[in-house]
Each structure stands twice: as C-alpha cells, then as structure tokens.
Amino acid sequence: MSGPFLPPQSTSPRLLNVQNLSELHKCSDPRCLLQIHSQIIRHCLHRNPVIASKLVAAYSLCLRPYSAASVFSLVPEPTSHLFNTLIRAFAHNSLPSLSFFTFSRMQRSSVKPDSFTYPFLLKSSSAPLRTVELIHAHILKLGFLGDIFVPNSLIDSYSKSGEVGSAKMVFEEMLVKDVVSWNSMVAALVRAGELRDARRLFDEMPERDIISWNSMLDGYAKAGELDAAFDLFHRMPARNVVSWSTVLAGYCNTGDMETARMLFDKMPAKNVVAWTIMISGYASKGLAHDASILMDQMEEAGLEPDVGAAVGILSACAESGFLVLGKRIHAAFKRRKLRFFIQISNALIDMYSKCGDLDEAWAIFEEMEEKDLVSWNSMVHGLAVNGHGRRALELFSEMEDNRIVPDGFTFVGLLCACTHIGLIKEARRFFTSMEKEYGIVPTIEHYGCLIDLLGRGGLLMEAYSIAKTMPFEANAVIWGSILNACRVHNNVSLAEKVVDELMSLEPSHEGNFAIILNIFAAAGKWDAMGGDRLKMKDSARRNRAGSSCVDGMHSQEDRILKMLDRLGKHLKKVIC
DNA sequence: CGTGATGACG
C-alpha cells in the first residue's frame, strides 16, 4: 500500500499538473484534499476530466459523495471514466438512487456506458433482483460479457440478491475464468448455505489464493462448524487479518467469548473490523464492562469506528440494551462531522427505541435527509412496542403517502401495533391484505404476532389451532405467548397441552417455568402436576434456583433491585 | 472475490 497522498507543497504551485497529481485519487485525508482542491481550482485544472475523476474518487474515499458530485458538475464534457467514477462514488457511499440517476444521465449524454459502468452500477446496492436482471440484459445486449470482471460482478450481485441459481448459470457459461470468478462462486455458495457444494468447488479450483481460503473458512465459521474452520485455519499456507477475524467472529457468534478473546489477543495485527467483532461480541452478550474497556483500547490504538463498526456495535447495543456505549458511538460520529450514513441513522433509531428512548429515536428519524424502508420499518416497530400503537399506524399511512412500498418487516411492526392497542379486526385485515394486496407471504414472525394478539384477546383456541396448522413448526416464542395467554385467561387445560410442547423445546427456561407454576397455583391444581412433568420442573429449579437471565451479569444488581422495590411500592400507591 | 454490518414473533 502506498503512503498517504500529500499535496505537492515543495513544488512551486505553478508546476501543479497531471503528472504530480497522479496519486490524488488515493488521498483519504479530507483536510489535505480540500487544500489540494483549492490549488487545482486556482490553476483552472478542475475542468480537466482526468483530474476531476481523481478528485471524485478522493472525495468518495473521504466519504464526501456530495462534494464529489459538485466536482463532476463543473466539468463541461465528462468522459465515461468520469461518469463511472461518480457512479462508483455514490455506490461506495450507499446512495444507490444517485448511482442510477448518474447512469441515466450518462445514457442520455453522448458518452456511452462501457464495461466498467455495469460492475460499478451492480455494486451500488444490494440491488434488488429485478435490477440485477435488467443490468444483465443490458450487458448481454452490449456484449460486455467478454471482459471477465463483468460476469464476475454479475455472479456476486446475483448471489447478494439471493439468486445463487443465476450466479451458477453465469459461472458455468463463462469460457474463461480467473481466480476471482472461482472465489466469487465459492463465496456465493457459502452465502446460500450450500457448504458442501462450496467445498467441492474449492477443491476443484485450479489455483487458490488467500481469498479462496478465507471464503471457505467463513463458510465453516458461519455454519458454526468451528472445528472444521480451525482445521482449515491451520492448514492454510498463509493467514492474514481477515483469516483471523473470520475465525474470531465464528467463536463470538457461538458465544464462546473466552476462546474468542484468546484469538483476539493472539492476532498478529488487528484492524477496525477485528476490534468491532470483539466489541460487538461482548456488547451483544451484555458484557458491558468488557465492551467498554475494549472500546477505550481501540481508541488508544488510534482507530476510529467506521460505518461498519458503528452499525455493528450499535446493533449489538440494541440487542442487550447497552445504551451508554450506543450513545458513545453516536457522539463520536457527531464529533467527526461525518455525513450520517443511512445505515447508521437506522441503527441508532433501533438502538434508542430498544433502549426505551423513543424521543431520541424519533428525533433521528425526523432529521434524516433521506429515509429508506429500514428507517420507516424501524420507526413503526419502535413506536408500536413502546406503547404508541396509534402513532405507529399513522406512520404507516405516511409511508404509503410517500409511496414507500412495505415489506414483511413493516407488517410485523403493524401487527405489533395492533397487539398493543388490542385491534383484532384490524390485525386480521393486515394479515390477509399483506399477501393479497402486497404479495408478501407471511413468515413465522407474522404468525407469532397474530397468535399473540388472538391469545391476549382471549381467543385461545383459535390461537392454538393456528399454531398447529400454520405452515411452520411453532417455536418456543409462539408456545410461550400462548402459555402466557393461558395464564391471563386462566385456561388450565390448554396450558397443559402447551406445556408439553414447550418443554420439548425449552426444557430449562426459567421464565416459562414461572408462568407454568403461576397457572397451576392460581387454579389450585397442584395435584395435576404429578409424574414426569413435576420431576422435570424440579430438576430445572434445582439447577439454577431463582436465577433469571440477567442475574450475575450486572455490577449494579443491588441498585437495580432497590429501584425495582421502590417502583413496586410506588405502583401500589398509585393503584390503591 | 474474503472478516464486522441497520428492521421481525413472548
């Protein structure tokens, strides 16, 4: 890697020319870039398409896509290279709509797209399948498949939009393949979960580079086959920071934080990604202390979180309710005055609403200059589960006014909203209309919402029969919600059926156990709990008597318990 | 082309 690009200060400004700016596109320091940009303008070189391309690329690298666009706009006759660079700048800064807009401008201009245009365009988003197919058709028409990086990027895009079959077709039809083609195909199979096929291809490869090994390694790590991953890791001819991080992430995902930490400490070099994996690992498991310390150490090492780090750590914070660290990430991005990437704002909305700070979530949502479907969905769901069901439904109307097309996530939020305000009829309407009007096939999450809602509304038998007849095997979440409904509505006989289902899925879950005891106690049916079931419950109790999921994890247990006690007393005063 | 990565059922 070459060093940071520096403005040619030693040279007299008069000598600024295309030659001594040849490395400009690698400049990743915004301050340096601004300085050189003003020099370029002073010398009237900014209309030169070659220099403008370098400026566009550099602004993209500095995460300033709008500055890149303004450089572009001053060039009287943009070349295809300049168009391509701007398309790539927008793609790289997750502004897909602007990538496509630039592409359509290019088509209307006298400059024609070339074989670089389409790969950049394909990268511009996790492009929806239709878009990939459309671009594929363009490529076929123009005969660009001969440039090997074009089919290579098609394989990648098909894979990322979930069409591994089309990726296979492109791969098989290629007359000449390079190591990138093979790697892309292995990665595609790994992504699709077709681990055995990936391995077969990996074994067939005419040559392997470190990326091939890392892709295969990732396949085993993602599948939780850590022994196989570790074996491969040792057999690799060489390992880099990605290889280490891949295995590290594998251990973090299975919750083996000790092994993960051991690997992390042993890594010969760590980058932001490695730190992110370890910090998010701790944060998502509620190990707030470890996560904070590591965050300090990362900063001491001179590394600042990038977009991926922010999104990853924020989502880990959302999972465990770790508001303090989430706020810290938020503040760091504000301080650095970086454009808030849409994914970061989205992650913040989710984090704040999961931590109960709905005002902050709403403030971020409102201030976003561009919202995507995830933003709307997160906000709808956030409102719904924080007791603002009506507002959530209103926001859905606003979505429709803004012509945002809802997806499956949207309907989960809407069904949650119905649950919180008890709108059974409305929920049934949403449930049927999502498939009929929007073509969204309900998933187990939708059934879960509906079943929960019906159960809370006292329609226990209907909830139970849906759980039995829906196209998915009911899981512990669903049985748990029915069981809870049985408790609320004192239905002991159904509870007994549900207990059997639940016990086979989550035999030692303390929360279920407490509900079961409550139901039988309330009904005075202690006798009914004879035999095997009682024994099972007893052994579960002895193993972890009186423990809940948060016990032992918190350094502030005493304060929390006192607060709970005070809350309880306060509630009694208010109610009585 | 490979590591982290925003939204879902109690």
Side-chain angles (χ1 to χ4, degrees), chain A residues 94 149 152-153 155-156 159 178-188 190-191 209-219 221-222 240-250 252-253 271-281 305-316 318 341-351 353-354 372-382 384-385 407-416 419 442-453 455-456 467 472 474-485 502 509 511-512 515:
Chain A
S94 56
F149 49 86
N152 284 352
S153 61
I155 293 173
D156 190 46
S159 151
D178 63 5
V179 66
V180 178
S181 328
W182 288 87
N183 286 348
S184 305
M185 199 58 233
V186 171
V190 163
R191 202 171 287 125
D209 62 10
I210 193 161
I211 295 181
S212 332
W213 286 89
N214 286 343
S215 305
M216 203 57 238
L217 195 58
D218 188 44
K222 288 248 159 65
N240 62 10
V241 62
V242 177
S243 332
W244 283 88
S245 304
T246 303
V247 183
L248 176 68
C252 281
N253 289 335
N271 58 11
V272 179
V273 177
W275 286 91
T276 306
I277 293 167
M278 200 67 222
I279 294 171
S280 324
D306 63 4
V307 178
V311 172
I313 299 173
L314 284 171
S315 81
F341 276 70
I342 202 160
Q343 297 96 323
I344 295 185
S345 300
N346 291 345
L348 283 168
I349 291 171
D350 183 51
M351 193 275 298
S353 67
K354 291 238 169 74
D372 66 8
L373 184 57
V374 178
S375 329
W376 289 91
N377 284 349
S378 307
M379 203 61 236
V380 167
H381 191 257
V385 298
D407 68 358
F409 286 87
T410 319
F411 282 93
V412 172
L414 294 173
L415 291 170
C416 281
T419 301
T443 64
I444 191 162
E445 285 83 7
H446 298 105
Y447 281 99
C449 288
L450 188 68
I451 288 168
D452 183 44
L453 174 82
R456 283 172 199 262
F472 305 93
N475 58 23
V477 174
I478 287 177
W479 291 127
S481 79
I482 298 182
L483 186 60
N484 202 40
L502 201 49
H509 192 286
N512 296 334
I515 294 173

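Each chain gets a letter, A, B and so on, in the order its sequence line appears, and its residues count up from 1.
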For the residue pair A:S378 and A:I349, what are the closest heavy atoms and their distance?
->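 A:S378 and A:I349 have their closest heavy atoms at CB-CG2, 3.9 Å.
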
In whole angstrom, what separates [X]'s [atom1] from [N]'s [atom2]?
X      : N      : atom1 : atom2 : result
A:N484 : B:dG10 : CG    : P     : 10 Å
A:D372 : B:dG7  : CG    : P     : 12 Å
A:Q343 : B:dG7  : CD    : P     : 12 Å
A:L248 : B:dG2  : CG    : C1'   : 15 Å
A:E445 : B:dC9  : CD    : P     : 7 Å
A:H446 : B:dA8  : NE2   : C1'   : 7 Å
A:N240 : B:dT3  : CG    : P     : 12 Å
A:I155 : B:dG2  : CD1   : P     : 12 Å

What does [X] touch in the nucleic acid at a heavy-atom separation under 4.0 angstrom: a base, only the sugar-phosphate, or nothing?
X      : answer
A:T276 : base
A:S280 : nothing
A:I478 : base
A:V311 : sugar-phosphate
A:S481 : sugar-phosphate
A:T443 : base
A:V272 : base
A:L314 : nothing

Looking only at side-chain atoms of [X], point me to the closest of [options].
X      : options             : value
A:T246 : B:dC9, B:dT6, B:dT3 : B:dT3
A:F409 : B:dG4, B:dG7, B:dG2 : B:dG7
A:A347 : B:dT6, B:dG2, B:dG4 : B:dT6
A:N183 : B:dG2, B:dC1, B:dC9 : B:dC1
A:I210 : B:dG7, B:dG2, B:dC9 : B:dG2
A:D407 : B:dG2, B:dC1, B:dG7 : B:dG7
A:S378 : B:dA8, B:dG7, B:dT3 : B:dG7

Below 4.0 angstrom from OP1 or OP2 of B:dA8, is there any side-chain N or O of A:K354?
->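 True: A:K354 side-chain N/O within range (under 4.0 Å) of B:dA8 OP1/OP2.
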
Does A:R191 make a side-chain N or O approach to OP1 or OP2 of B:dG2 shorter than 4.0 Å?
->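 So the side chain of A:R191 is within the cut-off, an N or O lying under 4.0 Å from OP1 or OP2 of B:dG2.
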
Side chains of A:D218 and A:S215, donor plus acceptor under 3.5 Å |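 No - no donor-acceptor pair under 3.5 Å links their side chains.
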
Between the side chains of A:N484 and A:D452, is a donor N or O closer than 3.5 angstrom to an acceptor N or O?
-> no

Taking only residues two or more places apart in sequence, or in another chain, which ones meet A:D156 in a salt bridge (charged side-chain N to carboxylate O under 4.0 Å, His left out)?
->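 Checked A:D156 against salt bridge (charged side-chain N to carboxylate O under 4.0 Å, His left out); matches are A:K160, A:R191.
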
Go through the structure and list residues passing side-chain hydrogen bond (donor to acceptor under 3.5 Å, both in side chains) with A:H381, not counting sequence neighbours.
-> none

Assess whether side-chain contact (heavy atoms from CB on, under 4.5 Å) is satisfied between A:S212 and A:V186, documenting all intermediate values.
-> CA-CA 8 Å; A:S212 332; A:V186 171; over 6 Å; no

